[in-house]
Every structure is written in C-alpha cells, then in structure tokens.
Number of protein chains: 2
Amino acid sequence: MSNYQTNIQCQADRFKALSNPHRLALYQRLCTCCTPSTACTPDEATRFCVGDLGEGLDIAPSTLSHHLKELHRAGLIAMQRNGKNVECWVETDTLQEMIGFFHTNLTIKD
Amino acid sequence: MSNYQTNIQCQADRFKALSNPHRLALYQRLCTCCTPSTACTPDEATRFCVGDLGEGLDIAPSTLSHHLKELHRAGLIAMQRNGKNVECWVETDTLQEMIGFFHTNLTIKD
DNA sequence: CCCATAATTCGAAACATGTCGAACTATCAA
DNA sequence: TTGATAGTTCGACATGTTTCGAATTATGGG
C-alpha cells in the first residue's frame with residue numbers, strides 16, 4: 001500500500017474514533033486540561049481514571065472500556081495502570097497531527 | 001437536548017463523515033485548493049464535478065454519489081448543479097469550525 | 001424528440017459498530 | 001486470605017455502514 005493511502009487510512013481511523021458522541025465527549029474531557037486561553041506542556045495534560053472519565057455519560061462500564069480502547073487504538077489517548085485505577089490522558093503528538101491535517105490542506109484568507 | 005450535547009453530536013457527525021478513507025480522500029481533494037503555503041479566499045475554493053472528483057478511486061458511481069451525499073449532509077461540502085454536471089466545493093466555514101474545535105480545547109506549549 | 005452523458009435513488013448483501021450483562025482479572029486493605 | 005473496588009473480556013443482539021448493479025432522473029446536443 002502506498003504511503004499516501006497509509007496516511008489516509010491512519011487519519012480516517014482517527015476520525016472514526018472521534019465519530020461517536022460518547023467517545024468524542026470522553027476525548028474532549030481529556031483535552032480540556034487547561035483553563036481556557038492558557039497553555040500547558042504535554043506532561044501537564046489532565047489525567048482521569050477510567051471511572052471518573054465516564055461519569056455522567058450513562059454507559060455501562062464495559063461500554064466505557066470499549067470506547068477508551070478505541071481511542072487508544074487510534075493513538076488519540078494514552079493509558080497506564082496506577083494501582084487500582086487506570087489513568088488516561090490525551091496523546092498530544094496525535095492531537096498536533098490532527099490540527100496539522102487541516103492546516104496543510106487549506107489556508108484561508110481572513 | 002442540551003446545547004452541549006447538540007454540539008458534540010454535530011461535531012461527531014462531521015468526524016463520522018471523514019472516517020471513511022474514500023470520503024476523506026474526496027474531501028482532501030477538495031481542500032487542496034491552493035498550492036501549498038499560499039492562501040485563498042473562500043470563493044476561490046476548487047470546484048470539482050462529481051465524476052472528476054471520484055477519478056482514480058475505483059468506486060462505482062452510486063457509491064461515489066452516496067459518499068458525497070454524506071459529506072454534504074455533514075455540512076463539509078457544498079454541491080450545485082451546473083448543466084449536466086454537479087459541482088462540489090469545500091464549505092470553508094465548517095472547515096474553520098473543525099480547526100477551531102481542536103484549538104479551543106487544548107493549547108500546547110512549544 | 002431522441003440519445004448520450006452525468007448523477008441519483010433503490011434494494012440487497014456483506015460487514016462493522018454500539019450496547020449490555022455476565023464472567024473474569026488486577027489491585028489493595030483489613 | 002478474603003472481600004471490595006476498578007477495569008476488561010466475551011458473547012449476543014440490534015442497528016448502521018459500505019458497496020454494488022439496475023433502474024431512474026436531469027440536462028444539453030443533434
């Protein structure tokens with residue numbers, strides 16, 4: 001498979017991971033690491049444990065786990081066990097690439 | 001439904017539209033309206049007719065039509081008949097919103 | 001008016017996704 | 001070691017998606 005097609009597929013997989021409202025809500029929750037209009041370094045990204053992250057979403061634990069696995073498979077989030085909990089945080093590199101995807105294609109004049 | 005949920009759903013629908021490699025390729029083709037690192041105004045966005053847009057993708061006309069309808073339903077592209085052809089171009093407003101989605105959530109320090 | 005070209009709609013088949021509950025694994029505390 | 005808490009895996013079911021070919025609509029040329 002050509003490099004072009006690999007990139008398209010990879011990017012499509014990321015969009016697919018964000019195409020479900022529940023997953024998008026989870027991702028967004030992880031993304032809002034800073035107070036608006038402030039910046040943070042990648043290692044300051046908010047960490048939520050799985051349970052807290054799913055709070056208020058009204059989905060079964062098994063469904064929550066499935067969704068987080070999808071986000072992880074797409075490279076959008078990182079996960080690491082810490083004691084009884086599993087912590088999740090956003091993969092900032094991938095987020096940067098997502099932003100880059102839109103910018104490299106079209107630059108619109110003001 | 002709350003405004004928050006409406007936005008999540010709307011944004012998820014856009015990502016879903018871009019989650020298929022064929023659709024993403026079509027969208028990207030429309031997005032590359034300018035030569036790299038130059039800017040264009042919204043009305044300068046490249047127009048492709050449906051047939052040309054699907055060139056090289058090896059999909060049936062009915063499939064192509066279906067994919068473009070999905071992109072249109074998500075508000076990502078505009079379509080207009082011009083004689084025998086139907087012209088497509090990118091909805092720059094929506095593109096801007098997509099970019100904004102990522103930026104409003106996380107600002108990463110260099 | 002008929003025909004060719006461009007695109008859409010429809011129906012069907014194969015496949016993928018979202019969701020749950022039940023059963024399971026991992027960790028820590030008493 | 002036993003029990004409680006946190007997550008994951010599995011199987012099943014309903015629903016949605018991708019794709020095609022065939023039939024249909026739209027448009028302009030001769």
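In what follows, chains are A, B, ... by sequence order, proteins preceding strands, each numbered from 1. None of these values were measured; they are calculated from a predicted model.
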Tell me the interatomic distance from A:D58, atom CG, to C:dG18, atom P, rounded to whole angstroms. 18 Å

So B:F15 and B:F101, would you call those rings parallel, tilted or perpendicular, with 30° and 60° as cut-offs? perpendicular

Below 3.5 Å is the cut-off: list the nitrogen or oxygen pairs between protein and nucleotides 11-16 of chain C, distance only.
none

Residues two or more places apart in sequence or in another chain: which of them pass ring-ring contact (aromatic ring centres under 6.0 Å, His included) with A:F48? none

Separation of atom CG in A:L64 from atom P in C:dG21, rounded to whole Å: 14 Å

What integer distance in Å separates B:F15:CZ from D:dG16:P? 22 Å

Heavy-atom donor-acceptor pair, B:N85 side chain to B:E87 backbone, under 3.5 Å: no

Name the residue closer to the 5' end of DNA chain D, choosing between A:V50 and B:A60 according to the nucleotide with the nearest heavy atom. A:V50

Within the 4.0 Å limit for protein heavy atoms, which parts of nucleotides 22-30 of chain D are touched? Write it as a string from 5' to 3', B for base, S for sugar-phosphate only, - for none. B---SBS--

With a 4.0 Å cut-off, would you call B:E97 and B:R14 a salt bridge? yes

Extract all donor-acceptor atom pairs below 3.5 Å that involve side chains of residues 52-61 of chain B and protein atoms in other chains or at least two apart in sequence.
none

To the nearest 0.5 Å, tell me how far A:D13 CG sits from A:L18 CG. 11.0 Å

For the pair B:V90 and B:L76, evaluate side-chain contact (heavy atoms from CB on, under 4.5 Å) and give the outcome as yes or no after the intermediate values. CA-CA 6 Å; B:V90 70; B:L76 290 166; over 6 Å; no

CD1 of B:I59 versus P of C:dA7: gap in Å, rounded? 13 Å

Which heavy atom of B:I8 sits nearest a heavy atom of A:A25, and at what distance? CD1-CA, 4.0 Å

With a 4.0 Å cutoff (strictly under), does any side-chain N or O of A:R23 reach OP1 or OP2 of C:dG18? yes

Kindly say if A:N85 contacts the phosphate of C:dT27, meaning a side-chain N or O under 4.0 Å from OP1 or OP2. no

Decide side-chain contact (heavy atoms from CB on, under 4.5 Å) for B:V86 and B:M79; before the verdict, give the C-alpha distance in whole Å, the side-chain angles of both, and the deciding distance to 0.1 Å. CA-CA 7 Å; B:V86 171; B:M79 306 178 80; 4.1 Å; yes

Could you state the CZ-P distance from B:R47 to C:dA6, rounded to the nearest angstrom? 19 Å

Any side-chain N or O of B:N20 below 4.0 angstrom from OP1/OP2 of D:dT18? yes

Whole angstrom is fine here: how far is it from CD in A:Q80 over to C1' in D:dA6? 16 Å

Nearest-Å distance, CE (A:M79) to C1' (D:dT8)? 10 Å

Between D:dA6 atom P and A:E87 atom CD, what is the distance in whole Å? 14 Å

Ignoring hydrogens and angles, state whether a donor on the side chain of A:N7 or A:Q11 is under 3.5 Å from an acceptor on the partner side chain. no

N/O donor-acceptor pairs under 3.5 Å from side chains in residues 63-75 of chain A, not counting sequence neighbours:
residue, atom, partner, partner atom, Å
A:H67, ND1, A:R23, NH1, 3.1
A:E70, OE1, A:R73, NH2, 3.2

In residues 65-75 of chain A, which residues come under 4.0 Å of DNA chain D by heavy atom? A:S65, A:K69

Is the shortest side-chain heavy-atom distance between B:T46 and B:W89 below 4.5 Å? no

